[in-house]
J.: 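Before I ask anything, here is the structure I am working with.
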Amino acid sequence: MDIWKDILAALSGVLNALPQGLLALTFGFASIPTALAFMVGAFGNAATSNVAVISYQAETITLAGTMGKNMRERLSMIFFGAAILLIIGLFGILETVIDWIGPIITTGMMAGVGIMLSKVAWDMAKSDRIVGITSVLSAFVVYFATKDLVYTITASVILSSIVYAFTKKEEDNLAKRPAVKEGFHLQKLIVNPMVIRGALAMVCLNIGANIAFGKINGEISNTDVNVDTLTIISSLADMVSSLFGGAPVEIVISATASAPHAVWSGVLMMVLMAIVLITGLLPKIGKYVPSSSIAGFLFVLGAIVTLPGNAAMALTGEGAGNGIVGGVTMVVTAITDPFLGMLSGIIVQFLMTLFGF
């Protein structure tokens with residue numbers, strides 16, 4: 001039974017990645033070189049017993065895809081941003097940052113991510129109401145019946161995809177994508193002001209995301225997660241992928257973290273995703289799984305699993321002003337990103353100490 005749940009969680013992780021993988025294709029990122037990134041992630045997690053998987057992340061794909069004027073700039077942003085994060089991870093800076101900012105800001109970030117996930121889920125459900133409502137309702141029913149995220153994502157994605165198959169319009173499958181040069185082609189990187197700006201933007205985004213997402217995965221699996229270790233793995237994966245024209249892959253919150261054997265379920269998920277990419281199956285499978293199919297899982301993960309406990313800890317921690325610090329961190333994270341949320345919490349904490357609030 002445990003092995004079955006491990007496999008089910010891995011397959012759910014693959015289904016979760018498909019819509020974001022299609023998004024990467026729309027920005028011109030090649031899918032076959034991205035398979036290398038997933039293999040780096042699988043090897044890294046197996047070697048370090050890390051439960052936090054790497055996968056497509058819509059935020060970094062969109063950031064690189066919109067800030068870079070062409071593929072050369074986009075790939076350069078990803079590579080140099082990952083190189084900076086690799087150095088940060090090798091020197092153990094992020095774990096030091098976590099110890100320094102303390103549990104109030106950390107849990108505030110995680111609670112903010114819970115709100116963020118819920119908002120993303122709500123927007124997805126609104127964009128395709130029939131599929132979205134099916135996903136959310138089925139996720140609620142399955143989670144309350146089983147209290148199991150693996151069954152929740154599997155049931156909600158499959159049911160909503162079936163509904164999508166019966167309700168989709170013909171033009172839904174005709175999404176326009178730029179011509180992508182597939183295969184392993186070494187890219188010529190470039191350095192200019194826009195590339196530097198984009199690389200630094202990706203560093204800031206991923207510092208906050210790695211801390212928040214990494215800790216949430218650890219919380220789900222009841223495992224200690226070393227954020228520097230997962231940063232090293234994701235950075236190496238990004239560098240390999242971008243060097244050959246592939247998309248960025250980052251730490252994500254995955255159902256594999258709730259599997260009985262979270263590490264090996266995550267490794268299996270990344271190996272399966274690599275197979276899907278290297279065989280060119282992404283566009284073929286992806287057209288049957290709408291992005292709104294994961295709305296239910298994201299809403300349950302955000303509003304039920306992540307938000308309540310972390311918000312309580314952030315708002316009721318020891319110290320007269322900690323509720324304010326946690327509240328500001330949580331709100332700013334929810335409306336912007338985890339890095340700015342962390343920064344806002346540090347600033348508020350500093351001001352309150354300075355003025356003796």
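In this chain, residues are counted from 1 in sequence order.
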J.: Using atom types as modelled and distance alone, determine if a side-chain donor or acceptor of Asp228 lies under 3.5 Å from a backbone N or O of Glu95.
T.: yes
J.: Would you call Val191 and Ser76 a side-chain contact if the rule is heavy atoms closer than 4.5 Å?
T.: no
J.: To the closest 0.5 Å, what do you measure between CD1 (Ile233) and CG (Asn50)?
T.: 4.5 Å
J.: Do Met269 and Leu272 come close enough that some side-chain heavy atom pair is under 4.5 Å?
T.: no
J.: Under a 3.5 Å distance rule, please check whether Thr106 uses its side chain to pair with a backbone N or O of Gly102 as donor and acceptor.
T.: yes
J.: Surrounding CG of Asn70 (heavy atoms of other residues, nucleotides or ligands, distance under 6.0 Å), is the total greater than 12?
T.: yes
J.: Just so I know, are the side chains of Leu8 and Tyr151 near enough to count as touching, which here means a heavy-atom distance under 4.5 Å?
T.: yes
J.: Given side chains that start at C-beta, do those of Phe140 and Ile304 come closer than 4.5 Å, heavy atoms only?
T.: yes
J.: Under a 3.5 Å distance rule, please check whether Thr329 uses its side chain to pair with a backbone N or O of Val325 as donor and acceptor.
T.: yes
J.: Is it true that, when you exclude Ile130 itself, more than 12 heavy atoms of the residues, nucleotides or ligands shown sit nearer than 6.0 Å to its CD1?
T.: no
J.: Any donor and acceptor pair, going by atom type alone, linking the side chain of Ser12 with main-chain N or O of Ala10 inside 3.5 Å?
T.: no
J.: Find the distance between OG1 (Thr231) and CD1 (Ile93) and round it off to the nearest 0.5 Å.
T.: 10.5 Å
J.: Taking all non-hydrogen atoms of both residues into account, name the closest pair between Ala46 and Val267 and its distance.
T.: N-CG2, 3.9 Å
J.: Does atom CZ of Phe43 have more than 12 heavy-atom neighbours from other groups under 6.0 Å away?
T.: no
J.: What distance separates Ser235 OG from Phe79 CZ, expressed to the nearest 0.5 Å?
T.: 11.0 Å
J.: Tell me, do Met124 and Val131 make a side-chain contact under 4.5 Å, heavy atoms counted?
T.: no
J.: Is the side chain of Glu73 donor-acceptor paired with the backbone N or O of Lys69 at a distance under 3.5 Å, no angle test?
T.: yes
J.: Side chain of Asn210, backbone of Val227: donor and acceptor closer than 3.5 Å?
T.: no
J.: Any chance you could measure Ser241, atom OG, to Phe38, atom CZ, to the nearest 0.5 Å?
T.: 8.5 Å
J.: Tell me if a side-chain donor or acceptor on Thr134 pairs with a main-chain N or O of Ser160 at a distance below 3.5 Å.
T.: no
J.: How long is the span from the CZ atom in Phe27 to the OG1 atom in Thr66, to the nearest 0.5 Å?
T.: 6.0 Å
J.: So, does Ser55 use its side chain to make a donor-acceptor pair with the main chain of Ala17 at under 3.5 Å?
T.: no
J.: Strictly distance-based, threshold 3.5 Å: is any side-chain N or O of Ser293 a donor or acceptor partner for the main-chain N or O of Val157?
T.: no
J.: Less than 4.5 Å apart, side chain to side chain, heavy atoms only: is that true for Arg72 and Lys188?
T.: yes
J.: Identify whether NZ of Lys or CZ of Arg in Lys119 sits under 6.0 Å from the centre of the six-membered ring of Phe299 and within 45° of that ring's axis.
T.: no
J.: Check for a donor-acceptor pair, side chain of Thr306 on one end and backbone N or O of Leu301 on the other, with a separation under 3.5 Å.
T.: yes
J.: Which pair of non-hydrogen atoms, one from Pro248 and one from Ile78, has the smallest distance, and what is that distance?
T.: CD-CD1, 3.5 Å
J.: Between Asp238 and Val249, is there a side-chain heavy-atom distance shorter than 4.5 Å?
T.: yes
J.: If you compare all heavy atoms of Ser234 against all heavy atoms of Ile54, which two are closest, and at what distance to 0.1 Å?
T.: CB-CG2, 3.8 Å
J.: Does CE belonging to Met313 count more than 12 external heavy atoms closer than 6.0 Å?
T.: no
J.: Contact between Trp264 and Asp6 at the side-chain level, heavy atoms closer than 4.5 Å - yes or no?
T.: no
J.: Considering the options Thr34, Leu18, Leu22, Val252, which one meets the side-chain contact (heavy atoms from CB on, under 4.5 Å) requirement together with Tyr56?
T.: Thr34
J.: Do Ile153 and Ile162 share a hydrophobic cluster, counting only Ile, Leu, Val, Met, Phe, Trp and Tyr and linking them when any side-chain heavy atoms are less than 4.5 Å apart?
T.: no
J.: Nearest 0.5 Å, what's the CE-CD distance between Met202 and Glu250?
T.: 5.5 Å
